[in-house]
Amino acid sequence: MSVLIAPSILSADFAALGTAIAAVERGGADLIHVDVMDGHFVPNITIGPPVVASIKRIAKVPLDVHLMIEEPDRYIDAFAEAGASMLSVHVEVLPHLHRTVHAIKALGVRAGVVLNPSTPVGALEEIAADVDYVLVMSVNPGFGGQSFIPRSEPKVRAVRALLDRAGNAAPVEIDGGIDRTNVARVVSAGASIIVAGSAVFHTPDPELATRELKAAASGAAIPVPRPARDVPS
Ligand code: DX5
Ligand code: ZN
């Protein structure tokens, strides 16, 4: 399975989102990851549907919208209308997760379910067959630039195994503290959508950073065969 790179614009300059998105698209970004925060579920506030609609007008690649909000059911229609191709919701805020996942799908949007670092993989047990992707948070959500939580690597492996047991080939996405030094490990564990904010936008050249992250991720996913001359005879 090929690995998709989803730069998170949370770490970009919000006054120049068009420039930031164009740069990462030149670098090979497959998706644009959009972090929506409400100041209740997470201790930060970002953007809502109007900004997503503006981004949609200029982005060439699909928008992967991560809802870190309470009562996401109230806003699903608005984000779908604004142009989200993927919408993910946190299990921690949803007593009726099955209903929400199917409501997202009914809008023609791919439905993702997100687990916070402290949320057990077992929370997915009854929904694993229904999801279009699972997002494993590898930091506590709310801010860019935090350190990767090492426990997330076996967690990706466990989510991948759970989806496989459910007969669902849906991808596992990982979000938080990913950079060129750890991306290969999480890809090897089974992640195939990679979110990266500060590792892309807090660099002098986001286009190059995207390209390098993608190379590091793809190298892990598709091992290069050893040349025949290296094989001992
Ligand atoms: C964190 C957000 C992430 C964030 C990742 O709550 O969900 O998408 O932008 O930023 P980095 O890659 O800097 O950890
Ligand atoms: Zn995110």
Side-chain angles (χ1 to χ4, degrees), residues 3-14 17 20-21 23-24 27 29-48 51-52 55 59 61-70 72 75 79 84-93 109-119 132-153 155-156 159 171-187 191-204 206 209-210 212-214 216-217:
V3 178
L4 305 181
I5 301 296
S8 164
I9 56 167
L10 183 63
S11 293
D13 177 358
F14 275 22
L17 286 178
I21 289 169
V24 297
D30 300 284
L31 303 165
I32 299 298
H33 185 83
V34 182
D35 288 305
V36 176
M37 305 185 186
D38 66 353
H40 291 274
F41 177 58
V42 291
N44 196 3
I45 299 175
T46 56
I47 60 169
V51 177
V52 173
I55 294 169
V61 299
L63 304 185
D64 164 29
V65 177
H66 175 191
L67 297 183
M68 285 160 278
I69 62 176
E70 290 179 357
Y75 301 98
F79 282 105
S85 295
M86 301 164 65
L87 263 181
S88 57
V89 292
H90 275 257
V91 301
E92 298 85 7
V93 297
V109 175
R110 291 178 70 206
V113 166
V114 195
L115 300 179
N116 272 339
S118 66
T119 303
D132 291 320
Y133 61 105
V134 173
L135 171 46
V136 173
M137 286 308 302
S138 39
V139 298
N140 289 293
F143 301 95
Q146 303 180 79
S147 297
F148 179 81
I149 297 171
R151 168 73 196 143
S152 312
E153 187 183 335
K155 191 172 186 181
V156 165
V159 170
V172 178
E173 178 172 26
I174 189 150
D175 182 3
I178 303 294
D179 59 26
R180 276 191 300 160
T181 68
N182 58 15
V183 69
R185 287 211 312 275
V186 295
V187 169
S192 57
I193 304 176
I194 306 298
V195 178
S198 51
V200 168
F201 289 109
H202 289 178
T203 68
T210 304
E212 290 181 345
L213 186 66
K214 191 165 190 169

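Atoms within a ligand are numbered from 1 in the order they appear, just like the ligands themselves.
Here the heavy atom of the protein found nearest to atom 13 (O) of ligand 1 is Ser198 OG, 2.6 Å. Nearest to atom 3 (C) of ligand 1 among the protein's heavy atoms is Asp175 OD1, 2.9 Å. Atom 14 (O) of ligand 1 has its closest protein heavy atom at Gly177 N, 2.8 Å. Considering only non-hydrogen protein atoms, atom 1 (C) of ligand 1 sits nearest to Phe143 O, 3.6 Å. Distance from atom 9 (O) of ligand 1 to its nearest protein heavy atom, with residue and atom name: Ser8 OG, 2.7 Å. Looking at atom 12 (O) of ligand 1, its nearest protein heavy atom turns out to be Gly197 N, 2.8 Å.
The nearest non-hydrogen atom to atom 10 (O) of ligand 1, considering only Gly144, Pro7, Gly142, Ala199, comes from Gly144.
Here CG of Asp175 is found 6.5 Å from OG of Ser8. Values are rounded to the nearest 0.5 Å.
Atoms of ligand 1 lying under 4.0 Å from any heavy atom of His66, numbered from 1 in the order shown and given with element: 7 (O). Under a 4.0 Å criterion applied to the non-hydrogen atoms of Asp35, ligand 1 contributes the atoms 2 (C), 3 (C), 4 (C), 7 (O), 8 (O), 9 (O). Per-residue contacts place His33 under 4.0 angstrom from the following atoms of ligand 1 (heavy atoms of the residue considered): 8 (O). Of all atoms in ligand 1, listed by their number and element, those nearer than 4.0 Å to a heavy atom of Ala196 are 12 (O). Near Gly176, with a cut-off below 4.0 Å to any heavy atom, the atoms of ligand 1 are 14 (O). Here is the list of ligand 1 atoms found below 4.0 Å of a heavy atom in Gly145: 11 (P), 13 (O), 14 (O). Those atoms of ligand 1 with a heavy atom of Met37 less than 4.0 angstrom away are 6 (O). Residue Pro141 approaches ligand 1 through these ligand atoms, each under 4.0 Å from one of its heavy atoms: 6 (O).
To the nearest 10 degrees, the Zn ion (ligand 2) sees OD2 of Asp175 and NE2 of His33 at an angle of 100°. The angle His66:ND1 - the Zn ion (ligand 2) - Asp35:OD1 amounts to 90°, with values rounded to 10 degrees.
At least one side-chain heavy atom of Val172 sits under 4.5 Å from a side-chain heavy atom of Val136. Looking at Phe148 and Val139, their side chains never come closer than 4.5 Å, going by heavy atoms from C-beta outward. Using a 4.5 Å heavy-atom threshold, the side chains of Ile32 and Asp64 count as separate. You'll find the side chain of Ser138 stays beyond 4.5 Å of the side chain of Arg151, heavy atoms only. By the 4.5 Å heavy-atom criterion applied to side chains, Val24 and Phe201 are counted as neighbours. The shortest side-chain heavy-atom distance between Val52 and Leu63 falls under the 4.5 Å cut-off. Looking at Leu115 and Lys155, their side chains come closer than 4.5 Å, going by heavy atoms from C-beta outward.
Counting only distance, with no hydrogens or angles, the side chain of Asn182 and the backbone of Gly177 share a donor-acceptor pair below 3.5 Å.
In summary, the side chains of Ser118 and Asn116 do not present any donor paired with an acceptor at a separation below 3.5 Å, with no hydrogens or angles considered.
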Discussion item. Let's go through Ile194 and Val186 carefully: what are the C-alpha distance in whole Å and the side-chain angles of both, what is the deciding distance for side chain to side chain contact (heavy atoms under 4.5 Å, CB included) to 0.1 Å, and is it a yes or a no?
Written reply: CA-CA 9 Å; Ile194 306 298; Val186 295; 4.1 Å; yes
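Checked against a 3.5 angstrom limit, the closest N/O atoms of Ser11 and ligand 1 fall outside it. In terms of polar-atom proximity, Met68 is not counted as a contact of ligand 1, lacking any N or O under 3.5 Å from an N or O of the ligand.
Heavy atoms of Met137 found under 4.0 angstrom from ligand 1 belong exclusively to the side chain.
Between Lys214 and Asp30, at least one side-chain nitrogen of the basic residue sits less than 4.0 Å from a carboxylate oxygen of the acidic one, meeting the salt-bridge criterion.
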